[in-house]
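Attaching a single structure in structure tokens format; questions to follow.
Here is the naming used below: chain letters follow the sequence lines, and residue numbers restart at 1 for every chain.
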Amino acid sequence: MEKTFNPQAIERTLYQNWEEKGYFAPASDQRGDRTPYSIMIPPPNVTGSLHMGHAFQDSIMDALIRYHRMKGCNTLWQVGTDHAGIATQMVVERKILAEEGKTRHDYGREAFTDKIWEWKEASGGTITRQLRRLGASVDWDTERFTMDKGFYAAVQEVFVRLYEDDLIYRGKRLVNWDPKLHTAISDLEVENKEVKGNMWHLRYPLADGEKTAEGKDYIVVATTRPETMLGDTGVAVNPEDERYQALIGKAVILPLVNRRIPIVADEHADMEKGTGCVKITPAHDFNDHEVGKRCNLPMINVMTLNGDIRQQGEAYNIDGTVNQSIDTAIPEAYRGMERFAARKQIVADLDALGLLEKIDDHTLMVPYGDRSGVVIEPLLTDQWFVRAAPLAKPAIEAVEDGRIQFVPKQYENMYFSWMRDIQDWCISRQLWWGHRIPAWYDDAGNVYVGRNEAEVREKHNIPTPVVLTQDDDVLDTWFSSALWTFGTLGWPEPTDRLNTFHPTDVLVTGFDIIFFWVARMIMMTMHFMKDEDGKPQVPFKYVYVTGLIRDEHGDKMSKSKGNVLDPLDMIDGIDLEALVEKRCGNMMQPQLAEKIEKRTRSTFPDGISAHGTDALRYTLYSLASTGRDINWDMNRLEGYRNFCNKIWNAANYVKMHTDDQDCGNGDEPVELTLADRWIVSRLQRVEAQIEKNLSEFRLDHASQNLYDFVWNEYCAWYLELSKPVLWDEHAPAERKRGTRRTLVRVLEAIMRLAHPFMPYITEAIWQNIKHSAGVAGDTLMLQSYPVSDPARIDETAERDIEWLKSFITGIRNIRAELNIGPSKPLNVLLRNTSADDVARLNDNQTFLKSLAKLEDIRVLAAGEEAPMATTQLVGSMEVLVPMAGLIDKDKESARLNKEIERFAKEVARFEGKLNNEKFISKAPADVVAKEQAKLAEAQAARAKLEEQLEAIKAL
RNA sequence: AGUCGGUUAGCUCAGUUGGUAGAGCACCACCUUGACAUGGUGGGGGUCGCUGGUUCAAGUCCAGUACCGACUACCA
């Protein structure tokens, strides 16, 4: 082993070896009871790269997988990537525009999708390479892609069956239209942002000479979108509204357009808001659309797919059929105008006509496309939808009755609130990259759905001369990823893999995609996957919802903020210039570069040093608490890098004393010291803690348990306690043998315990010590996970070591207080010793002398006068360090006074409690007894310290 | 507007069924002793957002309140 821990020297070769040997595959391992345990990786975008969120979630999955694999489960971690429709298509479109000045239309559909496949082949490996660096023990043999052949078949099958079950339909509906990307998007892909805008109050003249109650010949409607008035087909007032009772059923003349539109009564109109009159544009507003349905108002579409004003409106009845009776002319002035320009013009024209009552400032929520960043337009188009409510019902029940559990549980609320009010899901996208919808049309516009054209022809008896054309649209990416748990296992074929590994055990994901993915996966899986009794199968038993990793200030990591941290840079390190280039180069908004550069230079003046994968992973585990936001902290990373170093050096020490030595693996007798028995006992406890915390997905606690044990017990105390035994030439062979054996076996157990968290360093060390520890095997990965054995918990040894520790700490305390160097040997005297103290003293002279650097320890004889000394208490025993000439009277008095005060406070607190009648009578007896014992102890301590103070003063 | 989080040491965060507040980093002092200075030893530092209530006992349970945040819906 190298002298200092150097992660880069070990990581790559270890991973390669694991992968080559096939240890990640379920079949590689034949130990244990082989209970299936499976996790499906949330498929990252195929052309993406690993960010902190991936590193976080994948590290958690790897820990769970490695833990269960070591426990002897038949373990599958399914890996794969997502074709990521819009995201990938956009990347390639941008690329060809930048490199060739072409658009996708220059290429044509087929050539363009070929181009994307090329790009996928070229850059698709990045994220999987990075997964390897992270140590992810995924089963590479069965890697999947959401557009591979098998998945394609699964998607077609699902679509066809849902259509046959009347759970998919096509229709002209109002959808969220992205005028830049030219596609419909689902509700979830719309981001509502608060924007400062205006409210325009418009006068609509009444028809037929009608007058309002106030005698005016117009009514006033308020709107934030005046341009849509071109498509108004009514004005609504509340049926209860007395002001307008007389006008219901009458009409207004729509200004500029001069269309006569009715005044209708609908509860949508709020009497409290504005004037109480609302213009109704059923083709351009979701609420108005509903009003249109209720009041049977036609819809007039006045916008193009670009979001410009049409040359001529399109009229539909509310059921979507074409309406030819309405005049859909659009005033010439606005034809072809961009939507926001049209808004300006229309307002100006209304003003000129004296129809603009007033303009108010108004803050409103505006919908933006999450990919394009442009304002979304509600638009009437033909789209495919999934009827969500029937699918949601069993999916809700599965969470209600606990077949699926969210961890932390609070996320169930989020799930329920969305699922119980679920809207139909628009699944068609006007893109080229994705799963093409398996629907065909004939010239008459009839639609046929089937697995392929041949099937469609056969089923519907369509002769060859009839031309069928396939639907141009593709499916929402989330439609295919909703099939991930069973699609990856071979469905629709009834494969062994499906039978063995479905339902999966746990889904690890962020709360941000509960709606996008988790909910839809539950719905789809429960519809298609049934167990032997025909009951719906859930996709997974647990949903472990992680928080989102943010930067050190709690800000979301984003390229435009320049605060993105690349997990690979944590592992391998990066110099400042490279980091600046990475953050500022190739930016969509170059004007931010200067600010980002400045920020980067001040946050990382020396770049980022290499910390290794294990340190990165350990940091992620330690941060994996139940909160929703997780603030990244470089200091923690450094702390855990140090932890790795600590482990490495401890292993060096162990090797130094065990390599080629008799480690008690044969038949020779061994003697176990108190320290040996103690560390074995403590090991059982930490094993139990880790087991419990892993079962509750508290990896933060588990990693903390391990850290405490390794650093504060094994390294800080046990290794020190082993030294006097191993250094002592005269120590009996069986004792040395026992200590060597314990030393190396506990280290070996620690390596197994820690392996799911820090796979590299543990494997590297384990390979070095396995022989001394008396274990065989090619890899730590397939060793059994340590199980706590309650029979090996030794409470006596634990109490004895506590005594020893407080003795040693007491001496160290005196050294620090009196400025006595750690290497200066001391003589100590003991007073007020109990039988236990004497016994412990006799058993542990060597330990005490070595760790506290003592020359002699002697119990004061009865009646013997104690010399001038400074004192520490170990329970009721007094440890005296004679201070011939050393004493600083003032300093020592001050120290004693401080101690006395501390105990006096305690005494007061306990006395107060115990004098409380109610406490005595109501608190449980054991609590009272404990308080009494504490009081007595504090009182005794105070008394002794006071005695000493007197003695000092008397000097 | 609704739902759900958060508010604990200078910073980032733990705190499991109510029983005298913890970690890492930072800080102070001392120490290069035969695993480790990416280290060791000792130490300082918190009226647990605020107000009430339940209880012998509240960071922990209940009610209210302030601030911060997320999500959902809506605002003509």
Side-chain angles (χ1 to χ4, degrees), chain A residues 3-5 187 192 199-201 221-225 235-236 268-270 273-281 285-288 291 362-365 408 410-411 413-414 416-418 421 511-512 514-515 548 552-554 609 611 615 619 622-623 625-657 692-693 696 698 700-701 704 707-708 715-716 719-720 723 727 809 812-817 819-823 853 905-906 909-910 913 916-924 926-928 930-931 934:
Chain A
K3 188 96 175 100
T4 52
F5 173 55
D187 300 344
N192 290 303
M199 176 84 84
W200 288 271
H201 296 255
V221 298
T223 181
T224 54
R225 301 206 52 199
V235 170
H268 171 64
D270 188 335
K273 276 184 190 162
T275 57
C277 301
V278 200
K279 68 193 247 343
I280 302 298
T281 324
D285 181 282
F286 288 101
N287 281 314
D288 292 4
V291 176
H362 184 67
T363 305
L364 72 162
M365 297 295 271
Q410 75 226 24
Y411 289 107
N413 290 323
M414 212 166 141
F416 286 138
S417 66
W418 190 69
D421 185 32
F511 64 83
D512 51 330
I514 287 179
F515 305 146
L548 252 41
E552 67 276 16
H553 301 110
S609 61
H611 294 81
T619 309
S622 74
L623 294 174
S625 58
T626 58
R628 202 168 35 193
D629 297 317
I630 292 164
N631 292 1
W632 180 254
D633 184 356
M634 287 303 281
N635 291 322
R636 294 288 289 264
L637 180 64
E638 224 163 280
Y640 293 113
R641 193 265 321 265
N642 295 352
F643 181 50
C644 291
N645 191 55
K646 189 79 181 172
I647 293 176
W648 189 262
N649 284 303
N652 260 329
Y653 168 81
V654 172
K655 265 179 74 67
M656 189 183 305
H657 286 287
K692 175 174 181 285
N693 283 319
E696 293 168 359
R698 288 308 301 264
D700 54 336
H701 287 169
Q704 183 65 35
Y707 183 97
D708 279 342
C715 292
L719 292 193
E720 295 307 317
K723 286 174 183 175
W727 283 346
T809 308
R812 287 173 179 167
N813 217 311
I814 290 171
R815 285 183 190 274
E817 298 278 357
N819 242 322
I820 304 170
S823 53
K853 196 80 185 166
K905 265 189 197 162
E906 284 195 13
R909 176 143 20 96
F910 297 133
K913 245 182 177 178
N916 184 341
E917 199 62 34
K918 288 176 176 169
F919 175 69
I920 301 286
S921 58
K922 297 207 174 169
D926 61 316
V927 173
V928 175
K930 234 196 262 173
E931 295 293 311
K934 282 186 202 160

Item to check | Out of B/A14, B/G5, B/U12, whichever nucleotide has its closest atom nearest the side chain of A/Arg628 | outcome: B/G5

Tabulate atom names and distances for all N/O pairs under 3.5 angstrom spanning the protein and nucleotides 29-34 of chain B.
{"residue": "B/G34", "atom": "N2", "partner": "A/Trp727", "partner atom": "NE1", "Å": "3.0"}

Next on the checklist: What's the gap between B/G45 and B/C50 when it is taken at their C1' atoms, as a whole Å value?
Outcome noted: 23 Å

Checklist entry - Which value, in whole Å, describes the distance between the C1' atoms of nucleotides B/G18 and B/C61? => result 8 Å

Checklist entry - A/Leu719 near the nucleic acid: base, sugar-phosphate alone, or nothing, with a heavy-atom cut-off under 4.0 Å? => result base

Next on the checklist: On the nucleotide B/G43, are OP1 or OP2 found under 4.0 Å from the side-chain N or O atoms that A/Asn813 carries?
Outcome noted: yes

Item to check | For B/C11, the Watson-Crick or wobble counterpart (both distances under 3.5 Å) | outcome: B/G24

Item to check | A/Pro924, nearest nucleotide to its side chain (from B/C56, B/C4, B/C13) | outcome: B/C56

Next on the checklist: Counting only side-chain nitrogens and oxygens, does A/Arg815 get under 4.0 Å of the OP1 or OP2 atom of B/G43?
Outcome noted: no

Next on the checklist: With a 4.0 Å cutoff (strictly under), does any side-chain N or O of A/Asn642 reach OP1 or OP2 of B/G39?
Outcome noted: yes

Checklist entry - When you look at NZ of A/Lys853, are more than 12 heavy atoms from neighbouring residues, nucleotides or ligands closer to it than 6.0 Å? => result no

Checklist entry - Any idea which of B/G15, B/C36, B/C56 is nearest the A/His701 side chain? => result B/G15

Checklist entry - Can the positive tip of A/Lys723 be found less than 6.0 Å from the middle of the six-membered ring of A/Tyr653, inside 45° of the ring normal? => result yes

Item to check | Separation of the C1' atoms in B/G44 and B/A29, to the nearest angstrom | outcome: 10 Å

Checklist entry - Aromatic rings A/Tyr411 and A/Phe511: how do their planes relate, parallel, tilted or perpendicular, breaks at 30° and 60°? => result parallel

Item to check | Strand partner of B/A1, provided both Watson-Crick or wobble distances fall under 3.5 Å | outcome: B/U72

Next on the checklist: Can you see if the side chain of A/Lys922 gets near the phosphate of B/C56 - specifically, an N or O under 4.0 Å from OP1 or OP2?
Outcome noted: yes

Checklist entry - With a 4.0 Å cut-off on heavy atoms, is A/Thr809 in touch with a base, just the backbone sugar-phosphate, or nothing at all? => result sugar-phosphate

Item to check | A/Phe515 side chain, from C-beta outward: closest of B/C74, B/G42, B/C71 | outcome: B/C71

Checklist entry - If we call it a pair only when both distances are under 3.5 Å in a Watson-Crick or G-U wobble match, what pairs with B/G45? => result none

Checklist entry - Which is true for A/Asn413 with a 4.0 Å heavy-atom rule: it touches a base, it touches only sugar-phosphate, or it touches nothing? => result sugar-phosphate

